[in-house]
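Each remark here refers to the structure printed beneath this line.
Because the structure is predicted, anything quoted here is derived from the model rather than measured.
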Amino acid sequence: MPSWIGAVILPLSGLLLSLPAGAEVKARSCGEVRQAYGAKGFSLADIPYQEIAGEHLRICPQEYTCCTTEMEDKLSQQSKLEFENLVEETSHFVRTTFVSRHKKFDEFFRELLENAEKSLNDMFVRTYGMLYMQNSEVFQDLFTELKRYYTGGNVNLEEMLNDFWARLLERMFQLINPQYHFSEDYLECVSKYTDQLKPFGDVPRKLKIQVTRAFIAARTFVQGLTVGREVANRVSKVSPTPGCIRALMKMLYCPYCRGLPTVRPCKNYCLNVMKGCLANQADLDTEWNLFIDAMLLVAERLEGPFNIESVMDPIDVKISEAIMNMQENSMQVSAKVFQGCGQPKPAPALRSARSAPENFNTRFRPYNPEERPTTAAGTSLDRLVTDIKEKLKLSKKVWSALPYTICKDESMTAGAANEEECWNGHSKARYLPEIMNDGLTNQINNPEVDVDITRPDTFIRQQIMALRVMTNKLKNAYNGNDVNFQDTSDESSGSGSGSGCMDDVCPTEFEFVTTEAPAVDPDRREVDSSAAQPGHSLLSGSLVCIVLALQRLCR
């Protein structure tokens, strides 16, 4: 027999349970509570039929009650689970925003690179045929490096582009001078004249700025979506403290114990409970808002001057211009190189018999618009950016707004119109205490939740640091400055500001530190053997492919 049965059996004399002689109050039925409790999936064996004395209660008012010790324990656990689900459901919008948009942007950029590589290859095969195929690793390596950069690899875009043009110059110099034999040392000398001769005109300089800005912005933005996704997923999984669980039980289910299962909490009462339980989450808001602002800035770059689609669409034309410029000025370029590097040795008879026009006499032809591939991932970058900007703006202040979002739900509270008919923690009446401000330190006098303001949540502080580091990278990307995502040790140590540079020494928006002399691999080989040198061809191929890749990306 359950322990409560003996307490509720009325003596035959008709005296009320534990009531003083002459009292007219009768023990109230727990019928409504039994029905509501059973609807939660709990066994009715735990609950009395009529109210019993409440001295055994540890959280709810110790008055006549429909709750046993077992019920209070089970309802406390139910409070905890419902609260965790509430936070997860309430933050669903921001979580799905970052999850779905990260997937979409990542898919878009990857497909853009794939399209660019395929388009470049198709065009060069049609234009140069075997000549291109014999040197195709230059371009293939470029796309390999571009993809590695995008996925977080430690690739210096400027150096890669410089090396690409240097390598392309070596290949073309040999093609336009087939009657000579060039040693590795000679080719290295040729590469040193790249800046002085400018064989490709101004194309390399312009493309380096455009490509570098576009790829930095694209990669950093997707990295930002990754960080936002991870932080939102982690913060939405809360672990309420014992003090919070007590407050939740008192707010959500003590009405059951008082025989008022249909009475919902007062709205302001709910706000104080939630502000106490979510105090650390609210402290995330400041850094989260700065992060969102930085994401919005980079988003503007994506749809403006750093639009990777618009940068890559004309890449093939730009490469064409560069190569044609080299061809048209081949005699002058060769003469200056011969003057500076010395007269090269004649090639074997077989090679010297071939003239330059027979080896390299083709020109790039402009693309027919109908030949351009469809946009990546079935959309355009402009549409993606417009969509994400709207969603990002809506996600600002999401963490400090959690209590308000939860407590305005009609299924959670009685609402402002029922301030006199709501549960205030003790009875069905108006809730009088003032509403606390947001954040941990403001909960020192929270009347509903026992909050230790001297012990900030370590987990939340880690998320704040992650956001701070990412915000700094986004700001750098906005100004066109690259950041190595693999090396965050300096940014996460020291003062914890996450700043990678001081304000007075960070490059301004349009200042780019570039290396005029391209870094060249000393172990250069001749045309016939250079294809077997992946490190060298990758660098030079990088630049060409970058240009070409960008062109394809924009289509």
Side-chain angles (χ1 to χ4, degrees), residues 79-110 152 218-241 244 248 270-271 273-275 277-299 302 377 379 383-409 411-412 438-440 457-471 473-474 485:
S79 301
K80 175 179 178 294
L81 294 174
E82 290 184 7
F83 170 70
E84 292 171 349
N85 290 335
L86 271 172
V87 175
E88 197 160 357
E89 291 172 5
T90 305
S91 60
H92 179 263
F93 168 78
V94 68
R95 288 186 291 112
T96 55
T97 290
F98 280 90
V99 170
S100 62
R101 270 55 184 186
H102 172 270
K103 180 180 179 181
K104 196 68 177 177
F105 270 91
D106 186 56
E107 178 187 38
F108 179 85
F109 288 132
R110 287 175 185 269
R219 182 175 81 160
T220 309
F221 191 75
V222 172
Q223 290 281 348
L225 291 174
T226 301
V227 171
R229 178 191 66 189
E230 296 304 316
V231 169
N233 282 337
R234 291 167 181 165
V235 175
S236 64
K237 299 184 185 303
V238 295
S239 297
T241 63
C244 172
L248 291 168
C270 174
L271 285 173
V273 171
M274 293 302 165
K275 281 173 178 278
C277 288
L278 297 170
N280 283 286
Q281 280 74 10
D283 281 350
L284 186 73
D285 232 31
T286 299
E287 204 63 48
W288 176 266
N289 293 338
L290 292 173
F291 162 71
I292 295 297
D293 287 339
M295 286 289 289
L296 289 169
L297 286 175
V298 177
L302 289 177
T379 184
R383 285 196 292 271
L384 286 177
V385 172
T386 298
D387 170 71
I388 190 62
K389 285 171 64 178
E390 294 175 357
K391 299 296 189 298
L392 288 174
K393 291 174 183 177
L394 292 175
S395 69
K396 290 191 70 173
K397 300 183 179 180
V398 64
W399 306 113
S400 62
L402 276 179
Y404 299 92
T405 306
I406 291 174
C407 294
K408 75 177 181 180
D409 193 321
S411 64
M412 171 60 65
D438 301 327
L440 185 64
D457 187 284
T458 303
F459 180 74
I460 295 296
R461 273 16 189 207
Q462 291 172 347
Q463 308 314 306
I464 290 175
M465 180 56 64
L467 290 171
R468 188 169 295 164
V469 170
M470 190 65 240
T471 299
K473 293 173 180 176
L474 288 163
F485 284 94

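Taking all atoms of both residues into account, the shortest heavy-atom contact from C270 to M412 is SG-CG, 4.0 Å. Looking at every heavy atom in both residues, I464 comes nearest to D283 through CD1-O, 3.8 Å. In terms of heavy-atom proximity, E84 sits nearest to P240 at OE2-CD, 3.5 Å. The minimum heavy-atom distance linking V231 with L284 is given by the pair CG1-CD2, 4.1 Å. The minimum heavy-atom distance linking S400 with D438 is given by the pair CB-OD2, 4.0 Å. Here the shortest heavy-atom pairing between R234 and F459 reads CB-CZ, 3.3 Å.
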message: Please determine whether side chain to side chain contact (heavy atoms under 4.5 Å, CB included) holds for the pair V398 and F93, giving the CA-CA distance in whole Å, both sets of side-chain angles, and the decisive distance to 0.1 Å.
response: CA-CA 10 Å; V398 64; F93 168 78; over 6 Å; no
query: Going through the distances and angles, do F291 and L296 end up as a side chain to side chain contact (heavy atoms under 4.5 Å, CB included)?
result: CA-CA 9 Å; F291 162 71; L296 289 169; over 6 Å; no
query: Where do K80 and L248 land on the side chain to side chain contact (heavy atoms under 4.5 Å, CB included) test, with the steps shown first?
result: CA-CA 7 Å; K80 175 179 178 294; L248 291 168; 5.5 Å; no
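Between atom CE of residue M470 and atom CG of residue L225 there is a gap of 9.0 Å, rounded to the nearest 0.5 Å. Atoms CG and NZ, from D293 and K393 in turn, are 10.5 Å apart once rounded to the nearest 0.5 Å. Rounding to the nearest 0.5 Å gives a distance of 10.5 Å between OG1 of T226 and CZ of F98. Here the straight-line distance linking atom CG of D409 with atom OG1 of T90 works out to 7.5 Å at 0.5 Å rounding. With rounding to the nearest 0.5 angstrom, the OG atom of S236 is 11.0 Å from the CD atom of E89. One finds the CE atom of M274 at 5.0 Å from the CD1 atom of I406 (value rounded to the nearest 0.5 Å).
Between the side chain of T386 and the backbone N or O of R383, no donor-acceptor pair lies under 3.5 Å. Side chain of D285 to main chain of W399: a donor-acceptor pair is present (N/O by atom type, distance under 3.5 Å, no hydrogens or angles). Distance alone, capped at 3.5 Å, is enough to place a donor-acceptor pair between the N280 side chain and the D457 backbone. Under the 3.5 Å distance criterion, the side-chain polar atoms of W288 are matched with a main-chain donor or acceptor of S395. One N or O on the side chain of R95 and one on the backbone of E88 form a donor-acceptor pair closer than 3.5 Å.
Looking only at side-chain heavy atoms (C-beta outward), E390 and L394 stay at 4.5 Å or farther from each other. No side-chain heavy atom of L86 sits under 4.5 Å from any side-chain heavy atom of L402. When side chains are defined from C-beta on, S91 counts as touching V94, because their heavy atoms get closer than 4.5 Å. By the 4.5 Å heavy-atom criterion applied to side chains, L467 and L290 are not counted as neighbours.
Between E107 and K103 there is no salt bridge, since no side-chain nitrogen of the basic residue lies less than 4.0 Å from a carboxylate oxygen of the acidic one. A salt bridge links D387 with K391; the closest basic N to acidic carboxylate O contact falls under 4.0 Å. D106 and R110 are joined by a salt bridge, as a carboxylate oxygen and a charged side-chain nitrogen come within less than 4.0 angstrom of each other.
Residue K396 places its NZ atom among more than 12 non-hydrogen atoms of other residues, nucleotides or ligands, all under 6.0 Å distant.
Neither side chain, K397 nor Y404, offers a donor N or O lying under 3.5 Å from an acceptor on the other.
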